[in-house]
Structure formats: C-alpha cells, structure tokens
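The next block holds one structure in the form of structure tokens; read it before the comments.
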Amino acid sequence: MLGIQEAATLLGVTMRTLRFYEDKGLIAPQRAGTTRIYSKREIGRMQLILRGKRLGFSIREIKEFLDLYDVDPEHLEQVRALRARIRERIADLRKQKLAIEQTLDELLSIERQASARLEGSPVRPVHD
DNA sequence: ATTCTGACA
DNA sequence: TGTCAGAA
C-alpha cells in the first residue's frame with residue numbers, strides 16, 4: 001500500500017494527476033480517513049490508464065475498458081472491445097496521416113513555386 | 001510536514 | 001494538469 005506521493009513517484013505523475021483520474025472515476029483508491037491509499041490494483045490500473053493515454057484514447061474509452069476488466073474475469077469481452085477500439089484508433093490515425101500528407105504536399109508545392117519565383121536565390125527554405 | 005478539496009490572472 | 005488557498 002502506497003501513499004499518494006509514493007504512488008505518484010512510482011508512476012511518474014503528480015498527485016494532481018492521481019486525483020484527476022479518481023474524479024473521472026477511473027480509479028478508486030482506498031481511504032484511511034480522508035487520505036488515499038494506493039494498492040497494487042490501483043497502481044496496475046493507473047499503468048493501463050497512462051498507456052491508454054499515450055496511445056491516444058479518451059478518458060471515457062479508457063474507463064470503459066477498465067470497467068470491463070472488473071466485470072469480466074476472463075477478459076474476453078474486454079479484449080473484443082479493446083480490439084474494436086484499437087481498430088478505430090488505427091483508422092483515425094490513418095485518416096489524420098493522409099490529411100497531413102495532403103497539406104504537406106500542398107505546402108511543398110507552394111514552396112516550390114515561391115522558390116521558382118526567386119530564381120535560384122541563395123535563400124532556401126528549410127527542409128527536414 | 002503532508003494531504004484534502006475547490007477554484008481559476 | 002498546474003497551482004494556490006484554507007483546513008485537517
């Protein structure tokens with residue numbers, strides 16, 4: 001069992017973050033009076049929450065995923081739900097990727113026109 | 001000293 | 001999510 005400060009340090013977040021996710025209903029640490037106590041379960045859930053965040057899932061999606069984890073011991077329904085979300089996420093990222101590539105092409109095109117107008121001017125826009 | 005809740009120049 | 005205040 002860890003105090004909020006210890007749990008935060010272990011997870012690489014701040015106490016504020018732990019309280020934030022608690023407010024959102026993603027975790028429910030035990031209490032010793034009013035002070036929070038983080039068990040191994042909360043730590044595990046937090047790690048899943050942080051990973052979900054890194055992968056771009058919303059608080060709500062992460063919460064739904066976590067809720068299934070409790071109700072479904074075998075995690076079958078949970079895995080299906082997760083896979084569905086993963087696919088949505090992949091589709092969304094591909095969509096964004098396409099949009100980025102299109103604007104990038106457009107910008108590069110304009111950049112080329114601008115450069116042509118300046119006829120081999122020594123000033124060349126930066127590339128990556 | 002540490003944590004809690006509520007609020008936001 | 002940070003941060004500050006006022007209380008416990």
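Chain naming here is simple, since letters A, B, ... match the order of the sequence lines and numbering starts at 1 in each.
At whole-Å resolution of the value, CD in A:Gln5 and C1' in B:dC4 are 14 Å apart. C:dG2 atom C1' lies 14 Å from atom OH of A:Tyr21, rounded to whole Å. As a whole-Å value, the separation of A:Gln30 CD from B:dT3 P is 17 Å. Between A:Arg31 atom CZ and B:dT2 atom C1' the separation is 14 Å, expressed in whole Å. A:Met15 has its CE atom 11 Å from the C1' atom of C:dT3, to the nearest Å. A straight line from CD1 of A:Ile37 to P of B:dT3 spans 12 Å, rounded to a whole angstrom. One atom, CZ of A:Arg19, and another, C1' of B:dA7, lie 14 Å apart when rounded to the nearest Å. Computed from coordinates, the A:Ile59 CD1 to C:dT1 C1' distance equals 11 Å when rounded to whole Å.
Atom CZ of A:Arg89 is surrounded by more than 12 heavy atoms from other residues, nucleotides or ligands within 6.0 Å. Within 6.0 Å of CZ in A:Arg94 there are 12 or fewer heavy atoms belonging to other residues, nucleotides or ligands.
Stems are defined here as 3 or more consecutive Watson-Crick or G-U wobble pairs with pairing distances under 3.5 Å; those involving DNA chain C are B:2-8 with C:2-8.
The phosphate of C:dT1 has neither OP1 nor OP2 within less than 4.0 Å of any side-chain N or O from A:Lys24. One finds no side-chain N or O of A:Arg16 lying less than 4.0 angstrom from the OP1 or OP2 phosphate oxygen of C:dT3.
Contact detail for A:Asp72 and A:Glu77: the closest heavy-atom pair is OD2-N, 2.9 Å. Listed here is the closest heavy atom pair of A:Thr14 and A:Ala8: C-CB, 3.8 Å.
Electrostatic pairing of A:Arg19 and A:Glu22 does not count as a salt bridge here, judged by no charged N lying under 4.0 Å from a carboxylate O.
Residue A:Thr14 places its side chain closer to C:dG2 than to any other of B:dT3, C:dG2, C:dT1.
Here ring-ring contact (aromatic ring centres under 6.0 Å, His included) pairs that include residues 11-63 of chain A, with residues two or more places apart or in two chains, number zero.
For the side-chain contact (heavy atoms from CB on, under 4.5 Å) test with A:Leu11, the passing option among A:Met46, A:Glu42, A:Glu6 is A:Met46; the others fail.
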